[in-house]
Amino acid sequence: AQTVTQSQPEMSVQEAETVTLSCTYDTSESDYYLFWYKQPPSRQMILVIRQEAYKQQNATENRFSVNFQKAAKSFSLKISDSQLGDAAMYFCAYMGPPSGTYKYIFGTGTRLKVLA
Amino acid sequence: NAGVMQNPRHLVRRRGQEARLRCSPMKGHSHVYWYRQLPEEGLKFMVYLQKENIIDESGMPKERFSAEFPKEGPSILRIQQVVRGDSAAYFCASSPNTGTGVRAFFGQGTRLTVV
């Protein structure tokens with residue numbers, strides 16, 4: 001079964017600095033998607049960024065970018081110029097066969113604290 | 001276009017009572033998914049429904065839990081005879097279609113507390 005591992009339960013970053021959140025996953029498939037979701041205290045799950053496995057180019061969304069290493073099955077999230085509003089739980093997720101083309105497999109999350 | 005609406009946001013039930021959680025998907029979305037989040041954990045898939053059909057219930061506990069998505073009205077997740085271990089946040093998500101990589105939109109969740 002697919003698994004997603006986030007080995008950092010908690011991370012801290014100084015405002016305006018850069019932080020990288022780690023994620024590794026296990027799959028024998030070649031075509032799948034990876035996601036990072038942000039969950040602030042409101043509990044709303046907010047999509048941060050999405051990566052298609054067949055694309056070699058790393059996805060970017062403004063201050064958020066990923067380092068996708070397919071062979072190493074690694075999918076880290078880099079947040080540049082951290083802001084107080086970035087403080088939240090961050091979940092890495094896998095979507096793809098054979099667990100289901102519609103089913104997210106989430107990691108256990110990393111709590112990000114942003115220090116003023 | 002309103003997002004995925006879940007209600008109630010908070011629900012308190014005594015052990016042995018029934019809990020009914022409602023989810024109205026985004027307009028135009030006919031695919032609904034339910035996830036459960038235990039404290040300090042990630043979300044875990046429970047069930048995937050289309051209108052009037054359960055497509056995948058592989059994540060649902062075998063007893064006391066059921067889900068429906070009728071032709072008219074919201075999707076309902078029903079938990080009978082709740083126990084303390086059912087305390088969790090329950091999230092609903094919806095999508096307009098399905099397929100690998102299709103993004104699902106999440107509601108804000110219902111936090112169920114069993115006392």
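Note on naming: letters A, B, ... go to the chains in the order of the sequence lines (proteins, then strands), and numbering restarts at 1 for each one. What's counted below: heavy atoms across the whole structure, side chains too, no hydrogens, waters or symmetry copies.
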- Using non-hydrogen atoms and a 4.5 Å limit, figure out which bit of B:Glu40 sits close to chain A: side chain, backbone, both or neither. both

- Task: Compute the ring centroids of B:Phe106 and A:Tyr37, then answer whether they are less than 6.0 Å apart.
- Result: yes

- Task: Check whether more than 12 heavy atoms from other residues, nucleotides or ligands sit under 6.0 Å from atom NZ of B:Lys51, and answer yes or no.
- Result: yes

- Message: Using the rule that Ile, Leu, Val, Met, Phe, Trp and Tyr join whenever any side-chain heavy atoms are under 4.5 Å apart, tell me whether B:Ile55 and A:Met95 fall into a single cluster.
- Response: yes

- More than 12 foreign heavy atoms under 6.0 Å from CZ of B:Arg15: is that the case here? no

- Which heavy-atom pair separates A:Tyr102 from B:Tyr35 by the least distance, and what is that distance? O-OH, 4.0 Å

- Message: According to a hydrophobic-cluster definition based on side-chain heavy atoms being under 4.5 Å apart (Ile, Leu, Val, Met, Phe, Trp, Tyr only), do B:Ile79 and B:Ile54 belong together?
- Response: yes

- Message: Counting only heavy atoms not in B:Gln81 (residues, nucleotides, ligands), do more than 12 fall under 6.0 Å from its CD?
- Response: no

- Do A:Gln44 and B:Phe91 pass the side chain to side chain contact (heavy atoms under 4.5 Å, CB included) test, and can you show the C-alpha distance, the side-chain angles, and the key distance before you say yes or no? CA-CA 9 Å; A:Gln44 181 72 54; B:Phe91 287 88; over 6 Å; no

- Query: So, does B:Arg111 use its side chain to make a donor-acceptor pair with the main chain of A:Arg43 at under 3.5 Å?
  - Reply: no

- Message: Other residues, nucleotides and ligands only: do more than 12 of their heavy atoms fall within 6.0 Å of NZ on A:Lys78?
- Response: no

- Check each atom of B:Phe105 against the heavy atoms of chain A and say whether the ones under 4.5 Å are side chain, backbone, both or neither. neither

- Item | Between CZ on residue A:Arg50 and CZ on residue B:Arg103, distance to nearest 0.5 Å | 9.0 Å

- Query: Got a sec: does the CE of A:Met11 have more than 12 other heavy atoms crowding it under 6.0 Å?
  - Reply: yes

- Item | Portion of B:Ala89 that has a non-hydrogen atom of chain A nearer than 4.5 angstrom | side chain

- Minimal heavy-atom distance between A:Lys103 and B:Ser58, with the atoms involved, is NZ-OG, 3.3 Å

- Query: By a 4.5 Å heavy-atom criterion (distance strictly below it), what part of A:Gln6 contacts chain B: side chain, backbone, both, or neither?
  - Reply: neither

- Between A:Tyr104 and B:Lys44, is there a donor-acceptor pair closer than 3.5 Å when you use the side chain of the first and the backbone of the second? no

- Query: A:Met45 versus B:Gln108: any side-chain heavy-atom pair under 4.5 Å?
  - Reply: no

- Message: Looking at B:Glu63, I'd like to know if its CD atom is crowded, meaning that more than 12 non-hydrogen atoms belonging to other residues, nucleotides or ligands lie closer than 6.0 Å.
- Response: no

